[in-house]
A.B. asks: 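If you scroll down you'll find the structure; I have some questions about it.
Values reported hereafter were calculated over all heavy atoms of this structure, with side chains retained and with hydrogens, waters and symmetry mates removed. Each ligand, and each atom within it, is numbered from 1 in the order the structure gives.
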Amino acid sequence: PVLVRREDYTAPSHWIRSVDLSFDLDPAKTLVINRMRVEPNADRPGEPLRLDGEAITLTRVLVNGESVSFRNEGGQLVLDKLPTEAFDLEIRNTCAPEKNTELSGLYTSGGGFFTQCEAQGFRRITYFLDRPDVMAVFKVTLKADARAYPVLLSNGNLIDSGTLDKGRHFAEWSDPHPKPAYLFALVAGNLVCREQKIRSRSGRDHLLQVYVRAGDLDKTEHAMNSLIASVAWDEARFGLSLDLERFMIVAVSDFNMGAMENKGLNIFNTKFVLASPATATDVDFGNVEAVVGHEYFHNWTGNRITCRDWFQLSLKEGLTVYRDQEFSQDMAGEASARAVKRIEDVRQLRQFQFVEDAGPMAHPVRPDQYQAIDNFYTATVYEKGAEVVRMMATLVGRAGFRRGMDLYFQRHDGQAVTCDDFAQAIADANPDSALSVRLEAFKCWYAQAGTPRVNASGQFDAVAGSYTLTLSQRSPATPGQPGQAGKQPFVIPMALGLIAADGVALPLQLEGETAPHGTERVLVLEQTSQTWVFTGLGELTAAPVPSLLRGFSAPVVLEWAASEAELFTLLAHDHDAFNRWEASQKLALARLLAAAQADGGAAHLDEAYLQAMRHVLRDERLDAAFKELVLTLPSEAYVAERLAEQGVPVDPQRIHAARETMRLQLAQALHDDWVWAWETHQDNGGYRPDPLSSGRRALANLALAMLVLAATLRHDPLWPGRAYQRVKDAGNMTDRAGALAALVNARASLAEPALERFHAQFRDEALVIDKWFSLQASASESDGMVFARIKALAQHPDFTLKNPNRARSLLMVMTQNPAVLHRADAAGYVFWADKVVEIDAFNPQLAARLARALDRWRALAEPYRSAAREAISRIAAKPELSPDTREIVTRSLA
Ligand code: B3K
Ligand code: ZN
């Protein structure tokens, strides 16, 4: 396996200025003619041209119309003795789209042709300098059978089309914007589209189109609305307008990830386009909006300014995730709905990125090396990368961040640049800001892996009327990066407030200041340890409660030994909704951790905690969505990480047992409150996926789950009966899937008929059948019944590993269900290892993703630990493994 290093970057030997591609599309054998205008890089004279190519058959090479000699070296096509001036290079080759099971390059799906070129798929279409710093203007001609493939699409504008002989037709597309090959796309198939003309703020007209298969047109309205909203948002918030006459989204059902931002021709997993109230949940509606936004925003952050090399991936991904998160918050509207979105994002970050940062795949936001770049489309590059951008925005302020973005585009539009270039632009536009004066130190966030720990302690001096806050930080060791002494301190923006015991927000005045500066401010922790003294608190009779890391202002683990009383105060009074939620999670976590470590693993919930939860549930001033988040216990994975951090070996079965008993107690103790919540949060009127009504549905579904759980245990048929009725007659998928999950998780006897009914009703809706699989795979484990079910479902006629969505709906979901995966008899690991190997033979990217399920095996207690290592070793022992999966298991065992 070849290790690619960031420090080895060199500019390309040649530039490819323009490409004229012609495709004769045939599933078995597609002919590609690739005519390039090539220019030697004056800085690197006399170097041979090495073109990337993979899984394609070369038929001829012409330089300025003449045959030339060439050689093959390490999979590359090498041309020596080339002209020293610009020249024409023509390559002819073939490829076999129907044999392309990796879904990278040109492949077939559902009778159509689709491409996926990021990161290195273009080389599977034709020979090229397949690297993001080589940008060319593309012209593309597509020829195909007119009946089978009536729609022919590529990037840019349609400049010609017509019929050919033998029932074939053609279309010619031209994209005026120079782009790297990873943004190339083509689509050919029998598709229909929803379209909409819009006029942007700047007065230009654009045609927006969403292409899907014939039966799916009625599920495209939300995607179109999300696209229109995205265009308007980027203009309003960042002054960035659509630079194309035509912008297309195409949905495909076989796709390795979420979606792809190809210039003017975004290709999407159907999961992130199709949504109707009958088939999609509120979460799906939210995801469609976020992903449509994300891909659209890439048009500027990714496409107009792209990455110099793949180590800079977070330049476009971290920034674009930040942008889509901001977009979703702005779409949510009200402050409370914004906070809900922020809580959901942070929960996601902790569940996946923090875990990644603590394991064998931990890497900096800007990695230093890789074997398979596709393995680095990670939570760290994406979600932590977004937090890094958010911290910059916090340090320069909202207006300052906008200035920084403006400067970034002014300097780099049309270029392939680095993360340093971005940070420099934000800092330079804000020369006096908290970012600018410590830019080099701040950039540790790009270079150092691992989640920093921030320890906080406070001291109240009633006589002096002062509160002294000490913050200190340390960094854990990560692969290739020693901890503590080996790492520089991070620059950590700490948003905070102080709250009096009665809930009043206190004015914040630091020692040496003549007046307070509001009730919330951002301190910057940049040394190993720092102390701040707040003064003017002479009126207080009791110590104030600090509300630290408000809004999760930095991606750190906050270690603050809060008392129960302090947490109850925050839960009841904090002005920061994020920290109110955080207090609820800390209260729950303390009980979960105690129960998971106690003999017998039983949690006993105290009246104070139950009373606090009841208060939140009944509080009229709080949104239903927020209540649902507070009353949802921390996930088993999150609890496991916290234990691991304390050096306690993780026993997933005990954690599961502890969390389940706690859930049951919540269900029983708050029974009447859940009944109230269910009854008062029913929909009246039509379905709308807005934050208010989706929050109401979320809370009603949680209430129903609790009621069915408690009822099933006492053999009371009332609530299971109601849930079954809802599966039958729900007016939308959120309610229907919620009721079905309630029955399945409670192991109610009505779960079986409900599952059958659901399957029969939606047998022709692939995305709903995916839900049917994942709902069963994510069910609460008990006596191995869920695992047995999963094994049976793997044999179900509707199950296939070949469709990534379907494979993930059962297998990825299973690996995210700890009590199913981690079994004392190791059967979960054996099943998992077999599937990884099986999938790896035809789709390495999918297999490598699944292969990460046991990343944290070292944190496990015995017998899990040894059995997990054994299972990974079994995969590693296969000689035929793809480089992708090989890299994962090798790092895991290292
Ligand atoms: N840029 C693509 C991801 C491509 C993944 C390649 N393995 C989607 C996105 O982040 O928008
Ligand atoms: Zn992206």
A.B. asks: For Asn375 and Gln371, does a side-chain donor sit closer than 3.5 Å to a side-chain acceptor?
C.D. replies: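 Checked: Asn375/Gln371 side chains show no N/O donor-acceptor pair below 3.5 Å.
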A.B. asks: What are the atoms of ligand 1, with element, lying closer than 4.0 Å to any heavy atom of Lys316?
C.D. replies: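 Result: 1 (N).
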A.B. asks: Any atoms of ligand 1 less than 4.0 Å from a non-hydrogen atom of Gln845? List them with their elements.
C.D. replies: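 Per the distance check, 7 (N).
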A.B. asks: List the closest protein heavy-atom neighbour of atom 7 (N) of ligand 1: residue, atom name, distance to the nearest 0.1 Å.
C.D. replies: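 Atom 7 (N) of ligand 1 sits closest to the protein heavy atom Asp374 OD1, 2.9 Å.
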A.B. asks: For atom 10 (O) of ligand 1, which candidate among Phe268, Tyr377, Tyr382 provides the closest heavy atom?
C.D. replies: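 That would be Tyr382.
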A.B. asks: To the nearest 0.1 Å, how far is atom 6 (C) of ligand 1 from its closest protein heavy atom, and which atom is that?
C.D. replies: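 Looking at atom 6 (C) of ligand 1, the protein heavy atom closest to it is Glu118 O, 3.2 Å.
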A.B. asks: At a 4.0 Å threshold, what atoms of ligand 1 neighbour a non-hydrogen atom of His298?
C.D. replies: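 Once the distances to His298 are compared, the set is 9 (C), 10 (O), 11 (O).
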A.B. asks: Which atom, counting only N, O or S, brings His298 closest to the Zn ion (ligand 2)?
C.D. replies: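 In His298, the N, O or S atom with the shortest distance to the Zn ion (ligand 2) is NE2.
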A.B. asks: I would like to know whether Phe247 and His206 meet ring-ring contact (aromatic ring centres under 6.0 Å, His included); could you show each step before the answer?
C.D. replies: CA-CA 7 Å; Phe247 189 89; His206 310 273; 9.5 Å; no
A.B. asks: Looking only at heavy atoms, is any part of Arg849 under 4.0 Å from ligand 1, and if so is it the side chain, the backbone, or both, or is it neither?
C.D. replies: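 The answer is neither; Arg849 stays 4.0 Å or more away.
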A.B. asks: Would Glu54 and Arg124 satisfy salt bridge (charged side-chain N to carboxylate O under 4.0 Å, His left out), going step by step from the backbone distance to the final call?
C.D. replies: CA-CA 5 Å; Glu54 186 183 302; Arg124 295 165 58 83; 2.9 Å; yes
A.B. asks: Verify whether one side chain among Thr800 and Asn803 offers a donor that lies under 3.5 Å from an acceptor in the other.
C.D. replies: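 There is no such pair (donor and acceptor under 3.5 Å, judged by atom type) between the side chains of Thr800 and Asn803.
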A.B. asks: What is the closest protein heavy atom to atom 8 (C) of ligand 1, and at what distance does it sit?
C.D. replies: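 Here the nearest protein heavy atom works out to Ala259 O, 2.9 Å.
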A.B. asks: Check ligand 1 against Met257 and write out every atom of the ligand that is under 4.0 Å from a heavy-atom position of the residue.
C.D. replies: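 Contacts of ligand 1 toward Met257, numbered from 1: 3 (C), 4 (C), 5 (C).
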A.B. asks: Under 4.0 Å from a heavy atom of Glu317: which atoms of ligand 1 are those, numbered in the order shown and with their elements?
C.D. replies: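 Counting atoms of ligand 1 from 1, those under 4.0 Å from Glu317 are 1 (N), 9 (C), 10 (O).
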A.B. asks: Ring-plane angle category for His294 and His298, please: parallel below 30°, perpendicular beyond 60°, tilted otherwise.
C.D. replies: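 His294 and His298: perpendicular rings.
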A.B. asks: Considering heavy atoms of the protein only, find what lies nearest to atom 11 (O) of ligand 1 and give residue, atom and distance to 0.1 Å.
C.D. replies: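 So the nearest neighbour among protein heavy atoms is Glu295 OE1, 2.8 Å.
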A.B. asks: Using a 4.0 Å cut-off to any heavy atom of Met260, which atoms of ligand 1 qualify?
C.D. replies: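 Counting atoms of ligand 1 from 1, those under 4.0 Å from Met260 are 1 (N), 2 (C).
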A.B. asks: Check ligand 1 against Glu261 and write out every atom of the ligand that is under 4.0 Å from a heavy-atom position of the residue.
C.D. replies: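 Numbered from 1, ligand 1 contributes 1 (N), 2 (C), 8 (C), 9 (C), 11 (O).
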A.B. asks: Locate the shortest heavy-atom distance separating Ala449 from His363; write the atom from each residue and the value.
C.D. replies: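 For Ala449 versus His363, the nearest heavy atoms are CB-C, 3.4 Å.
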A.B. asks: Could you tell me if Lys179 sits above the aromatic ring of Phe138, with its cationic atom closer than 6.0 Å to the ring centre and no more than 45 degrees from the axis?
C.D. replies: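 Output yes; distance and angle both within limits.
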A.B. asks: By atom name, which N, O or S atom belonging to His294 lies closest to the Zn ion (ligand 2)?
C.D. replies: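 In His294, the heteroatom (N, O or S) nearest the Zn ion (ligand 2) is NE2.
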A.B. asks: Compute whether any side-chain donor of one residue and acceptor of the other, for Thr418 and Gln312, lie under 3.5 angstrom apart.
C.D. replies: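 The answer is no; no qualifying pair exists.
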A.B. asks: Kindly confirm whether the Zn ion (ligand 2) is within less than 2.8 Å of some N/O/S atom in Glu317?
C.D. replies: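 An N, O or S atom of Glu317 is closer than 2.8 Å to the Zn ion (ligand 2), so yes.
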A.B. asks: Please check if any side-chain donor atom of Thr885 sits under 3.5 Å from a side-chain acceptor atom of Asp840, or the reverse.
C.D. replies: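 There is such a pair between these side chains.
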A.B. asks: Taking the inter-plane angle between the rings of Trp233 and Phe327 on a 0 to 90° scale, is it parallel (under 30°), tilted (30 to 60°) or perpendicular (over 60°)?
C.D. replies: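 Correct class here is perpendicular.
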